[in-house]
**Student:** 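One structure is given below, represented as structure tokens, and several questions about it will come after.
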Amino acid sequence: MALYEHIYLARQDVSPTQVEEMTAALTAVITEGGGKVTKNEYWGLKSLSYRIKKNRKAHYTLLNLDAPHQAIAEMERQMGINEDILRFLTIRVDELEEGPSAMMQKRDRDDDRGDRPGRPGGDRGGFDRGSRPPRRF
Amino acid sequence: MAIKDLTTATARRPFQRRRKTCPFSGPNAPKIDYKDVRLLQRYVSERGKIVPSRITAVSALKQRELAKAIKRARFIGIMPYAVQ
């Protein structure tokens with residue numbers, strides 16, 4: 001069956017336990033639709049970079065799904081009705097990554113600065129092209 | 001006296017024309033992932049706009065993947081659309 005990566009944002013004033021219940025309900029929809037959830041990752045309450053439906057923070061949950069499209073469509077239909085869910089994003093992927101996602105392993109990867117590829121400076125980029133050459137017609 | 005030397009020295013070579021390689025095409029290149037904010041932030045200007053590939057020397061194929069990942073990250077709220 002097709003592989004999907006699914007992320008959904010739950011409202012700020014919903015307790016983490018309720019988020020767990022929501023995830024459990026969604027996995028139930030998937031399993032009864034004939035698919036399965038291979039990974040369930042809860043990123044916690046993160047602050048958003050802009051307000052979504054008047055919320056500044058949201059509970060992030062990442063789900064790796066291996067399911068037929070009807071199960072996904074049914075799950076998305078229910079999420080659309082649910083008011084606690086601000087936004088969700090389902091992406092079809094070729095293969096699911098097993099280990100912790102980039103968001104989770106960020107903490108232990110903080111030290112390696114690595115070489116910084118060409119530092120993208122301001123909007124106009126690093127260098128300034130100077131004024132236009134005089135017109136020649 | 002020093003200032004004069006400085007100006008004459010840089011006048012001849014205004015820019016160092018080092019051939020910049022695409023950071024994503026090497027053998028151990030980092031995978032472009034919409035969840036990896038730290039990697040994506042390096043290709044976004046202070047105002048939150050995507051920096052063009054002629055400045056960051058990213059290959060066209062990888063620049064398209066990068067742009068798609070940045071737009072997805074913006075949609076789920078982990079990257080800003082604009083920074084005032």
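Computed from a predicted structure; not experimentally measured. Chain naming here is simple, since letters A, B, ... match the order of the sequence lines and numbering starts at 1 in each.
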**Student:** With a 4.5 angstrom heavy-atom cut-off, which part of A:L86 approaches chain B: side chain, backbone, both or neither?
**Tutor:**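 Looking at A:L86, nothing touches chain B.
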
**Student:** If we count only N and O atoms by modelled type, under 3.5 Å, do the side chains of A:E74 and A:Q70 hold a donor and an acceptor together?
**Tutor:**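 Short answer, no.
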
**Student:** At their closest point, which heavy atom of A:E41 faces which heavy atom of A:P100, and how far apart are they?
**Tutor:**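 Heavy atoms only, the tightest pair is OE2-CA, 3.5 Å.
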
**Student:** Which answer fits A:I7, side chain, backbone, both or neither, if we ask what part of it has an atom under 4.5 Å from a heavy atom of chain B?
**Tutor:**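 Contact with chain B involves the side chain of A:I7 alone.
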
**Student:** Minimum heavy-atom separation for B:I76 and A:L48, please, with both atom names.
**Tutor:**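 Closest approach of B:I76 to A:L48, heavy atoms only: O-CD2, 4.3 Å.
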
**Student:** Please classify the contact of A:F88 with chain B as side chain, backbone, both or neither, using a heavy-atom distance under 4.5 Å.
**Tutor:**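 Backbone only.
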
**Student:** For chain B, find which of A:R51, A:E97, A:R87 contributes the most heavy-atom pairs closer than 4.5 angstrom.
**Tutor:**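 It is A:R87.
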
**Student:** Is it the case that B:Y43 and B:S53 place a side-chain donor and acceptor less than 3.5 Å from each other?
**Tutor:**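 B:Y43 vs B:S53: no donor-acceptor pair found between side chains.
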
